[in-house]
Amino acid sequence: MNLGAYQNEIYLQGLADNLPAFTTDATRLAELAREVLAPGPFWYVEGGAGSGATVRANRSAFDTWRIVPRMLRDATNRTTATTVLGTPMPAPLLLAPVGVQSIVHPDGELATARAAASLNVPMILSTASSNTIEDVAEANGSGPRWFQLYWPNDPDLCISILNRAAKAGFTALVVTLDTWTLAWRPRDLDQSYLPFIRGTGTAIPFSDPVFRGGLERSPEEDIPSAVLKWIPLFTGTDRGWSALPFLREHWDGPIVLKGIQHVDDARRAADAGMDAIVVSNHGGRQVDGAVASLDVLPGIANAVGDRLEVLFDSGVRSGADMLKALALGARAVLLGRPYVWGLGLGGQDGVRHVVRSLLADFDLTLALSGHRSLADLSPDSLVRI
Ligand code: FNR
């Protein structure tokens with residue numbers, strides 16, 4: 001598939017005065033989304049923990065690496081397609097798990113699922129989805145999909161959710177470790193805005209037979225009581241490495257640990273037999289003043305890249321960012337905020353436009369820097385300044 005061809009499509013449509021519905025530059029999406037979204041949802045997506053230092057660090061880390069273009073390397077015909085944990089994809093890109101998507105668009109995760117399927121780009125569905133596992137799977141059809149777990153404090157509920165995800169065709173399990181309780185997020189606190197408290201982003205537990213079995217009245221009849229039961233089930237309890245075999249026991253497919261930032265934790269994940277990790281700091285939403293996710297990627301990839309798949313997120317906004325992360329050892333990257341802005345700006349078409357733009361930018365950047373395939377990328381493709 002020629003991903004870069006989206007460029008020609010856009011220029012040709014311009015002949016008929018048909019311009020893209022919104023920008024092709026992911027660094028400008030937030031500014032556009034701010035014009036159409038209410039402050040609560042806008043800042044819930046845009047904001048970070050504390051002073052926002054980690055959000056800024058994630059972005060500025062990309063500027064410390066520069067691509068060194070190579071010439072006359074016959075990069076006309078190139079391949080970006082790859083397979084990660086048994087899932088084929090047109091380029092090493094997945095949609096990161098992002099909860100409560102209905103706060104930016106009424107179609108929420110259903111629109112994302114349809115857009116992702118139309119491009120064969122894998123989506124990772126969040127436990128904090130505003131739509132049920134089953135409805136998202138239906139919208140995603142034959143598209144590739146993984147499931148992200150916020151590990152509930154009730155083992156029976158956890159098993160029930162895992163079984164539902166497996167039955168609905170989610171092939172890999174992404175266990176997010178960095179958000180066992182919510183960080184101090186002034187942007188949300190100042191507005192007292194937390195979607196879950198209003199029963200948004202709770203569709204998966206609220207539709208779960210085990211969760212519902214423990215309620216006197218259904219969530220439809222009594223949202224506040226259901227929310228009060230939800231809070232201690234999904235926040236406030238950290239776990240240890242010894243808890244991981246429980247997931248192996250109840251999940252047959254590959255398991256990915258998301259939120260790894262330290263080499264020793266990456267090694268422990270490999271020792272524990274995990275199939276992959278996501279080097280991620282949750283887009284700077286959890287620990288203020290933390291290291292940029294890109295800064296720790298090379299060390300982690302060197303230490304464990306031959307033992308498990310190393311995925312990456314936090315701050316990816318362009319084809320160049322993708323290329324840099326891959327050159328520094330990531331097998332694939334996860335796209336976060338940009339596709340959520342696309343959803344807010346244009347629903348399913350908006351997500352599709354943002355993802356196609358990134359794929360095209362990546363393909364063209366790969367080619368013009370003299371790379372024919374993903375295997376050509378290495379730290380030698382970059383210099384650190
Ligand atoms: C997230 N992220 C996230 N991660 C996760 O594992 N489960 C979740 O439910 C959510 N929810 C969520 C909501 C919002 C609004 C955002 C912005 C992010 C984190 C996400 O998967 C990813 O790690 C970050 O988005 C990456 O950072 P950037 O690239 O968006 O800055």
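Below, all heavy atoms of this structure are taken into account, side chains as well, without hydrogens, waters or symmetry copies. Whatever order the structure lists them in is the order used to number ligands and atoms, beginning at 1. Keep in mind that what you see is a predicted model, and the values were worked out from it rather than measured.
Each of Ile67, Thr64, Leu377 was scored for a side chain to side chain contact (heavy atoms under 4.5 Å, CB included) with Leu382, with one residue passing: Ile67.
The residues lining ligand 1, counting any heavy atom closer than 4.0 Å, are Tyr44, Val45, Ala96, Pro97, Val98, Gly99, Ser126, Gln148, Tyr150, Thr176, Lys258, Ser280, His282, Gly283, Arg285, Asp313, Ser314, Gly315, Val316, Arg317, Gly336, Arg337.
Annotation: side chain of Phe206 is in contact with side chain of Val227 (closest heavy-atom distance under 4.5 Å).
In this model, no donor atom of one side chain and acceptor atom of the other lie less than 3.5 Å apart for Glu216 and Ser225. The closest side-chain donor-acceptor pair between Gln7 and Arg356, if any, does not fall under 3.5 angstrom.
For the pair Arg164 and Phe147, the cation-pi criterion (under 6.0 Å, within 45° of the ring axis) is not fulfilled.
The local environment of CG in Asn163 is crowded, with over 12 non-hydrogen atoms from other residues, nucleotides or ligands closer than 6.0 Å.
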